[in-house]
Amino acid sequence: MYDYFLGGKDNYASDREAAEKIIAIFPRTRELALANRRFLRRAVAYAAEVAGIDQFLDIGSGLPTQENVHEVAQRVAPRARVAYVDQEPIVLSHGQALLATDEQTIMVAGDLRDPGAILAGEEVRGHLDFDRPIAVLLVFVLHFLRDEEDPRGVVRTLMDSMAPGSCLVLSHAESDRRLLPGTSVYDRASSPAVLRSEEEITAFFDGLDLVAPGVSRLGRWRPQDGLHPGDDDLPAWCGVAHKR
Ligand SMILES: C[S@@+](CC[C@H](N)C(=O)[O-])C[C@H]1O[C@@H](n2cnc3c(N)ncnc32)[C@H](O)[C@@H]1O
């Protein structure tokens, strides 16, 4: 569905049908997806350029699209290493095919609901050095975890395993009245959508040091590529924070 929102071609008729239902409920869904990608690119560039981080663990990475994390990171830090993790078989097969010749980037299967297994995975451990800072990317994925799946505990488990200086890059759709009717469409999808408030999304950063401007609307987070009209009132929040 997200691939369809972004204008991609790697989607099934059932994805397109469900995605069109979301667009009918919230006509700015495509803008929301594109604004999220712009935040992701700026946050990765920040991590590589300003924070000097050259390792990325991107969980719920999605299908390869334009300006992927490894491309943005390697432009700034040519030796940057990226581990993409996703649970969807179609994402894995496309990602692995695309990255077959890239030794600095891997794509592995993993479920965010079991962060311990992702962290213990041989491929991830062999690819990233956990004694040095890593940027952990949870971008538009935590809203697929139910409260009873303990999303805050998942974030804590991941960040507890990271070296000081590591950072968390996170974005999350908001429990806004414009989006809420759309959650019923996801009830029939592979993962439910759980929208959360600004306070709940901010709480994911507990114990970490938020970088300026703090938890923001997608378009307001360091908009050095210019604020796209309307990005600042899209129903999602984002932020980047470091581990001390
Ligand atoms: C909306 S896309 C976001 C992609 C990318 N992070 C971005 O922001 O452009 C969400 C992705 O998260 C993946 N996903 C959903 N639940 C997951 C889980 N429990 N574990 C791992 N990946 C998951 C989906 O398969 C999908 O590829």
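In listed order, ligands and their atoms are each counted from 1. The basis for the numbers below is simple: all heavy atoms, side chains too, and nothing from hydrogens, waters or symmetry mates. It should be emphasised that the depicted structure is a prediction, and the values quoted were computed from it without experimental measurement.
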Compute the shortest N/O to N/O distance between [X] and ligand 1 and return yes if it is under 3.5 Å, no if not.
| X | value |
| --- | --- |
| His143 | no |
| Gly60 | yes |
| Leu145 | no |
| Glu88 | no |
| Leu112 | yes |
| Asp86 | yes |

Open item on the list: Check for me whether Arg220 meets the cation-pi criterion with Phe39, that is, NZ or CZ under 6.0 Å from the six-membered ring centre and within 45 degrees of the ring axis.
Closed with: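 No, cation not above the ring by the 6.0 Å, 45° rule.
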Open item on the list: I need the nearest protein heavy-atom contact for atom 8 (O) of ligand 1: residue, atom name and distance, please.
Closed with: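 Minimum-distance protein heavy atom for atom 8 (O) of ligand 1 reads Asn36 ND2, 2.9 Å.
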Below a 4.0 angstrom heavy-atom separation, can you tell me which part of [X], side chain or backbone, both or neither, approaches ligand 1?
| X | answer |
| --- | --- |
| Leu63 | neither |
| Asp111 | both |
| Ser171 | neither |

TODO: Determine the interplanar angle of the Tyr186 and Phe144 rings, folded into 0 to 90°, and report it as parallel if under 30°, tilted if 30 to 60°, perpendicular if over 60°.
DONE: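 Plane angle between 30° and 60°, so tilted.
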TODO: Kindly compute the distance separating CH2 (Trp237) from OG (Ser216), expressed to the nearest 0.5 Å.
DONE: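 The CH2 atom of Trp237 sits 7.5 Å away from the OG atom of Ser216.
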Open item on the list: Tell me whether ligand 1 is touched by Ala33 - counting only heavy atoms on the residue side and a distance under 4.0 Å.
Closed with: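 Heavy atoms of Ala33 never come under 4.0 Å of ligand 1.
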Task: Residues in side-chain contact (heavy atoms from CB on, under 4.5 Å) contact with Ala135, at least two apart in sequence or another chain - done: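 Here the qualifying residues are Ala47, Ile53, Phe56, Leu137, Cys167.
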Open item on the list: Test of understanding: with salt bridge (charged side-chain N to carboxylate O under 4.0 Å, His left out), list the residues that count as partners of Arg146, not counting sequence neighbours.
Closed with: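 Residues passing salt bridge (charged side-chain N to carboxylate O under 4.0 Å, His left out) with Arg146: Glu149.
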- [ ] Say whether, by atom type as modelled, one donor and one acceptor occur between the side chain of Asn68 and the main chain of His70 under 3.5 angstrom.
- [x]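 A pair under 3.5 Å: no.
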Task: Under 3.5 Å side-chain donor-acceptor pair for Asp58 and Ser61 - done: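 Ser61 and Asp58 do not have a side-chain donor-acceptor pair below 3.5 Å.
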- [ ] Ignoring hydrogens and angles, state whether a donor on the side chain of Asn36 or Tyr2 is under 3.5 Å from an acceptor on the partner side chain.
- [x]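 Note: Asn36 and Tyr2 side chains meet the donor-acceptor criterion.
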